[in-house]
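In what follows, a single structure is set out as structure tokens and then discussed.
Residue indices begin at 1 and follow the sequence shown. Just so it is clear, the structure is predicted and the values come from calculations on it, not from any experiment.
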Amino acid sequence: EENMTISEDFSRVENTYQMEAEVCITFSNFGKMQNVCNLLIEKLGTSITISPPHFFHTPGAIDTLRRQVCVAAVGNTRQKAQEVCRLFGQTLGKPLLIREEETKEWGGHIDSPVSNSPDSLTLQERIQNATAYASCRVFAVFEIKGKEKRRSKLL
């Protein structure tokens with residue numbers, strides 16, 4: 001209900017009345033949108049016109065993307081540091097400093113030609129143009145510990 005707006009227009013054409021309705025729905029799930037469109041076409045046939053979807057990202061979704069990218073960058077940094085420590089026979093300790101150095105955000109396909117009419121784009125091109133990308137570069141300093149020798153205890 002909160003993600004839907006309905007506009008109705010009644011008019012008289014000769015001796016009959018005609019009703020036109022416009023329903024705008026905001027979906028957060030592409031699959032659900034397709035299912036609803038298919039159901040409407042199945043039930044209403046040619047009396048319905050479905051406009052191409054307009055894709056957008058909410059501020060909350062973009063913030064979530066930024067956080068996920070930063071956390072992934074820190075995780076990748078820790079994994080690489082563990083591999084280097086293993087190579088030198090050391091163990092990785094706790095992080096001493098983690099700093100986000102640079103974050104980049106971009107959208108769409110860099111190589112895609114710019115179209116004068118958004119209606120002329122295919123659904124796949126619309127999705128590509130609406131896709132948000134982000135990258136993050138982090139700087140991290142970890143504590144390095146010498147490898148502990150394990151003594152076997154005999155009972």
Side-chain angles (χ1 to χ4, degrees), residues 1-9 20-44 47-152:
E1 291 285 327
E2 66 201 35
N3 296 329
M4 182 171 56
T5 57
I6 300 173
S7 304
E8 296 175 343
D9 180 43
E20 289 185 21
E22 179 181 83
V23 179
C24 294
I25 305 173
T26 302
F27 289 94
S28 59
N29 181 308
F30 187 75
K32 284 184 182 179
M33 181 204 70
Q34 285 182 313
N35 290 340
V36 168
C37 289
N38 290 339
L39 178 69
L40 290 171
I41 290 170
E42 179 184 318
K43 298 294 182 188
L44 300 173
S47 67
I48 187 170
T49 303
I50 297 181
S51 300
H54 171 74
F55 297 103
F56 66 94
H57 299 281
T58 63
I62 295 296
D63 287 341
T64 299
L65 175 65
R66 288 183 191 122
R67 280 193 305 277
Q68 288 173 340
V69 167
C70 183
V71 168
V74 171
N76 291 341
T77 302
R78 179 172 175 73
Q79 184 179 2
K80 287 178 184 178
Q82 281 178 325
E83 290 173 15
V84 170
C85 284
R86 213 174 296 122
L87 184 67
F88 291 106
Q90 304 292 313
T91 58
L92 189 67
K94 64 183 179 181
L96 301 174
L97 171 70
I98 298 175
R99 182 174 58 230
E100 191 173 353
E101 296 272 305
E102 179 183 32
T103 301
K104 292 181 184 177
E105 296 174 23
W106 66 98
H109 229 41
I110 297 170
D111 299 329
S112 66
V114 177
S115 174
N116 293 338
S117 171
D119 292 336
S120 66
L121 296 176
T122 66
L123 182 60
Q124 190 61 38
E125 289 169 332
R126 287 171 182 268
I127 292 171
Q128 285 177 344
N129 288 341
T131 302
Y133 300 92
S135 69
C136 180
R137 185 166 48 102
V138 296
F139 174 80
V141 177
F142 294 95
E143 179 181 61
I144 297 177
K145 301 176 180 179
K147 202 164 201 167
E148 296 176 12
K149 295 180 182 177
R150 295 187 176 138
R151 298 178 185 167
S152 58

On a heavy-atom basis, which atom in G146 and which in T91 lie closest, and how many Å separate them? O-OG1, 3.9 Å
Do F142 and T77 come within less than 4.5 Å of each other through their side chains, counting heavy atoms only? yes
What are the two closest non-hydrogen atoms of G93 and K145, and how far apart are they? CA-CE, 4.2 Å
Any side-chain heavy atom of F139 sitting closer than 4.5 Å to one from L97? yes
Counterpart residues, side chain to side chain donor-acceptor pair (under 3.5 Å), relative to E101 (two or more places apart): R99
Side chain to side chain donor-acceptor pair (under 3.5 Å) involving E83 - partner list, sequence neighbours excluded: none
Side chain to side chain contact (heavy atoms under 4.5 Å, CB included) partners of I6, counting only residues at least two apart: M4, E8, V23
Sorted by chain and residue number, the side chain to side chain donor-acceptor pair (under 3.5 Å) partners of Q79 (sequence neighbours excluded) come out as none
Answer whether the closest heavy-atom distance between the side chains of F30 and L123 falls below 4.5 Å. yes
Partner residues of T26 under the side chain to side chain donor-acceptor pair (under 3.5 Å) criterion, sequence neighbours left out: none
Run the side chain to side chain contact (heavy atoms under 4.5 Å, CB included) test against S28 and tell me which residues pass, sequence neighbours left out. none
For residues C136 and A73, report the shortest heavy-atom separation together with the two atoms involved. O-CB, 3.7 Å
Could you list the residues that satisfy side chain to side chain contact (heavy atoms under 4.5 Å, CB included) with C85, not counting sequence neighbours? Q90, L92, I144
Please tell me if the side chains of H57 and L65 come closer than 4.5 Å, counting only heavy atoms from C-beta onward. no
Let me have the donor-acceptor pairs involving side chains of residues 32-44, under 3.5 Å, with sequence neighbours excluded, atom names and distances please.
{"unit_1": "N35", "atom_1": "ND2", "unit_2": "G31", "atom_2": "O", "d": "3.4"}
{"unit_1": "N38", "atom_1": "ND2", "unit_2": "Q34", "atom_2": "O", "d": "3.3"}

For D63, check side chain to side chain contact (heavy atoms under 4.5 Å, CB included) against everything at least two apart and list the hits. R66, R67
So, R126 side chain and F55 main chain: donor-acceptor pair closer than 3.5 Å or not? no
